[in-house]
K.L.:
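Pasting in a structure now, in structure tokens, and then I'll have a few things to ask.
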Amino acid sequence: TEWSWCPVFMDVDLDGRRDLIVSTGHERDAQNIDIARQLDAARGEKRSWREQMVLRRKFPKLESPILAFRNKGDLTRAIADFDQAIKLEPSYALALYNRGSAYYETRDHDRAIADFDQAIKFSPNVASAWHDRGLAYRDRGDNDRAIRDFDQAIKLNPKFAVAYASRGLAHSNKRDYNRAIADLDT
């Protein structure tokens, strides 16, 4: 949509596959220049905050829908679409990341890791790419490499709660229960 904010992947229908919810960020068109000028003039006239609030209601409503996309599990088609995007722009980090995520969902960990490697190469400050590559390493049984990736994800985003949990599970896999508990308590 023209005002899409905060896409969220979650299993809405509880079928074991993550669905996509795209919410809209604004109720009103705060970019409307005519209303913005009226508001600026009202501030200059030292109108009360109540009068300014009434003026804000004049901003036109945005009728952008909140969208939901059900994941039907057709990852082969998704991968083919990402292949085309990457063919057009080989350094397109988001397409590499998303294709890596699709490979991860199909349990093709080697291809997932290869795509996450490239996504990280082109956008090294994206915590989710480090995290998801760590998941692929962990699922492949390489907990040491997974922990290093989770460490980097946490360094990039110290509030990334899922990265702490993922690292805790990798520590648990290594039977390092004290570190696992510390991460899971974070």
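Model, not experiment: these values are computed from the prediction.
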K.L.:
When hydrophobic residues are tied together by side-chain contacts of less than 4.5 Å, even through go-betweens, does Ile120 share a cluster with Leu156?
P.N.:
yes
K.L.:
Are a donor atom and an acceptor atom from the side chains of Asp139 and Tyr104 found within less than 3.5 Å of each other?
P.N.:
yes
K.L.:
Out of curiosity, Arg138 CZ to Asp149 CG, how far, rounded to the nearest 0.5 Å?
P.N.:
12.0 Å
K.L.:
Counting only heavy atoms from other residues, nucleotides and ligands, does the tally under 6.0 Å from CZ of Arg107 exceed 12?
P.N.:
yes
K.L.:
Please examine the side chains of Leu169 and Ser166, heavy atoms only from C-beta on, and report whether any two atoms are closer than 4.5 Å.
P.N.:
no
K.L.:
Using every non-hydrogen atom in the two residues, find where Ile154 and Ala163 come nearest and quote the distance to one decimal.
P.N.:
CG1-CB, 3.6 Å
K.L.:
Roughly how far, to the nearest 0.5 Å, is the CG atom of Asp185 from the OH atom of Tyr164?
P.N.:
13.0 Å
K.L.:
CG/Asn143 to CZ/Arg148 distance, rounded to the nearest 0.5 angstrom?
P.N.:
11.0 Å
K.L.:
Working to the nearest 0.5 Å, report the span between CG of Leu184 and OG of Ser172.
P.N.:
7.5 Å
K.L.:
Test your reading of the model: is there a side-chain donor-acceptor pair from Trp130 to the backbone of Asn125, 3.5 Å cut-off?
P.N.:
no
K.L.:
With a sphere of 6.0 Å drawn around OH of Tyr92, does it hold more than 12 non-hydrogen atoms of other residues, nucleotides or ligands?
P.N.:
no
K.L.:
Verify whether the ring centers belonging to Tyr177 and His171 lie closer than 6.0 Å.
P.N.:
no
K.L.:
Drop me the distance from Asp142's CG to Asn173's CG, to the nearest 0.5 angstrom.
P.N.:
11.5 Å
K.L.:
Would you say Leu135 and Phe150 make side-chain contact, with heavy atoms under 4.5 Å?
P.N.:
yes
K.L.:
Run the salt-bridge test on Lys174 and Asp144 with the 4.0 Å N-O cut-off and return the result as yes or no.
P.N.:
yes
K.L.:
Does Phe116 reach the side chain of Ser101, with side-chain heavy atoms less than 4.5 Å apart?
P.N.:
yes
K.L.:
Do the charged groups of Asp110 and Arg140 touch, with an N to O distance under 4.0 Å?
P.N.:
yes
K.L.:
For Ala102 versus Ile79, what's the shortest heavy-atom pair and its separation?
P.N.:
CB-CG1, 3.6 Å
K.L.:
Can you tell me how far CZ of Arg99 sits from CD of Gln84, rounded to the nearest 0.5 angstrom?
P.N.:
10.5 Å
K.L.:
For Ala112 and Gly100, which heavy atoms make the closest approach, and how far apart are they?
P.N.:
CB-O, 3.3 Å
K.L.:
Heavy atoms only: give me the nearest Ser123-Ala93 pair and the separation to one decimal.
P.N.:
OG-CB, 3.3 Å
K.L.:
So which heavy atom on Phe122 is nearest to which on Pro90, and how close?
P.N.:
CE1-O, 3.7 Å
K.L.:
Heavy atoms, side chains only, cut-off 4.5 Å: are Tyr103 and Asp115 in contact?
P.N.:
yes
K.L.:
Taking the side chain as every heavy atom from C-beta outward, state whether Ile86 and Leu96 have any pair of such atoms under 4.5 Å apart.
P.N.:
yes
K.L.:
Ion pair present between Arg179 and Asp176, side-chain N to carboxylate O less than 4.0 angstrom?
P.N.:
yes
